[in-house]
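Presented below is the structure to which this report refers.
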Number of protein chains: 2
Amino acid sequence: MDEFMKAAIEEAEKGLQEGGIPIGSVIVHDGRIIGRGHNRRVQTGSVVLHGEMDALENAGRRPAAVYRECTLYTTLSPCSMCTGAILLYGIPRVVIGENRTFMGEEDLLRSRGVTVEVLQDPTCIDLMSHFIKASPKLWNEDIGV
Amino acid sequence: MDEFMKAAIEEAEKGLQEGGIPIGSVIVHDGRIIGRGHNRRVQTGSVVLHGEMDALENAGRRPAAVYRECTLYTTLSPCSMCTGAILLYGIPRVVIGENRTFMGEEDLLRSRGVTVEVLQDPTCIDLMSHFIKASPKLWNEDIGV
């Protein structure tokens with residue numbers, strides 16, 4: 001498997017071990033991970049730190065020129081908030097673990113010129129399928145349902 | 001002036017006093033402020049805590065039913081990230097201080113059924129005009145330019 005999607009899955013698994021929602025993300029620039037993170041709703045009570053947002057936050061303040069050369073890897077199709085953050089910073093490429101359990105704003109990303117690749121990775125699908133079955137209320141809270 | 005926009009402006013002014021970017025926001029439910037915040041880029045090095053995001057974060061974890069009855073007040077037209085967060089949580093109404101110094105994703109909000117009101121408030125315009133003139137580099141960083 002792609003080493004960066006593997007790192008995003010490791011983040012998702014870390015979140016699960018912490019009792020959280022198993023979604024992870026890494027941001028890659030020039031072949032190197034500059035930020036990694038996972039959903040923090042349970043762990044810190046955050047309503048904004050989805051996996052992608054946590055990875056962005058952990059990457060720290062970067063010049064626009066850096067974001068414009070990054071790829072964001074996420075285990076799950078990005079919701080409208082994470083999509084908006086990708087658009088704000090002009091990240092040109094997003095690699096998505098799966099969109100079977102949740103379809104995010106992939107059409108919006110593509111309509112703004114972002115390259116979107118979906119792997120339909122079995123590990124990502126398993127992680128979310130089990131989580132949604134076990135904790136439907138928590139999952140719904142995370143996607144505003 | 002509307003008491004809630006006044007509270008959002010107080011948040012923006014607090015941010016300015018802290019050496020930060022003067023954008024503030026409050027979230028109102030049932031006639032009461034349930035979350036208030038301001039941009040934290042300078043203060044905490046955050047790349048995700050725009051004013052609106054900080055207000056959402058400070059409102060804490062809320063049921064979807066609460067967000068769906070909220071109004072978000074923000075001193076400046078919301079960028080794509082904050083717009084995405086508003087859509088994620090299904091906030092139905094957004095009151096904007098001004099969009100003269102920055103035009104956010106108001107069309108996207110409206111296209112998804114969100115009621116958007118723009119006040120073109122002189123205090124909000126002054127706050128941002130002076131800030132952008134004094135700190136153009138910091139401002140560009142905040143909007144990914």
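Every chain is numbered from 1 and lettered A, B, ... according to where its sequence line falls, protein lines coming before strand lines.
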Heavy atoms, side chains only, cut-off 4.5 Å: are B/Leu119 and B/Met5 in contact? yes
Heavy atom to heavy atom, less than 4.5 Å: which residues from residues 73-94 of chain B reach chain A? B/Cys79, B/Ser80, B/Met81, B/Gly84, B/Ala85, B/Leu87, B/Leu88, B/Tyr89
Does anything in residues 46-58 of chain B reach chain A? List residues with heavy atoms under 4.5 Å apart, or say none. B/Ser46, B/Val47, B/Val48, B/Leu49, B/His50, B/Met53, B/Leu56, B/Glu57
Please report the shortest heavy-atom distance between A/Arg61 and B/Val42, naming the atom on each side. NH1-CA, 4.0 Å
How about A/Asn39 and A/Glu11: does a side-chain donor come under 3.5 Å of a side-chain acceptor? no
Distance col, row A/Arg62:CZ vs A/Ile27:CD1, nearest 0.5 angstrom, shows 9.0 Å
Under 4.5 Å from any heavy atom of chain A, what part of B/Arg41 do you find: side chain, backbone, both or neither? both
How close do B/Gly144 and A/Ala64 get, counting heavy atoms only, and between which atoms? O-CB, 3.6 Å
Side chain, backbone, both or neither: which part of A/Asn140 has an atom under 4.5 Å from a heavy atom of chain B? neither
Going through the checks in order, is the side chain to side chain contact (heavy atoms under 4.5 Å, CB included) test met by B/Phe131 and B/Thr101? CA-CA 10 Å; B/Phe131 170 74; B/Thr101 65; over 6 Å; no
Min side-chain heavy-atom separation A/Glu106-A/Val116 under 4.5 Å: yes
Output every pair passing side chain to side chain donor-acceptor pair (under 3.5 Å) with a member in residues 19-34 of chain A, not counting sequence neighbours, ordered by first then second residue. A/His29-A/Glu69
Give the cluster check for A/Val26 versus A/Tyr67: same hydrophobic cluster or not, with ILVMFWY residues linked at side-chain heavy-atom distances below 4.5 Å. no
Which donor-acceptor pairs under 3.5 Å do side chains of residues 16-23 of chain A form with protein atoms, sequence neighbours excluded?
residue: A/Glu18; atom: OE1; partner: A/His38; partner atom: NE2; Å: 2.9
residue: A/Glu18; atom: OE1; partner: A/Gln43; partner atom: NE2; Å: 2.8
residue: A/Glu18; atom: OE2; partner: A/His38; partner atom: NE2; Å: 3.4

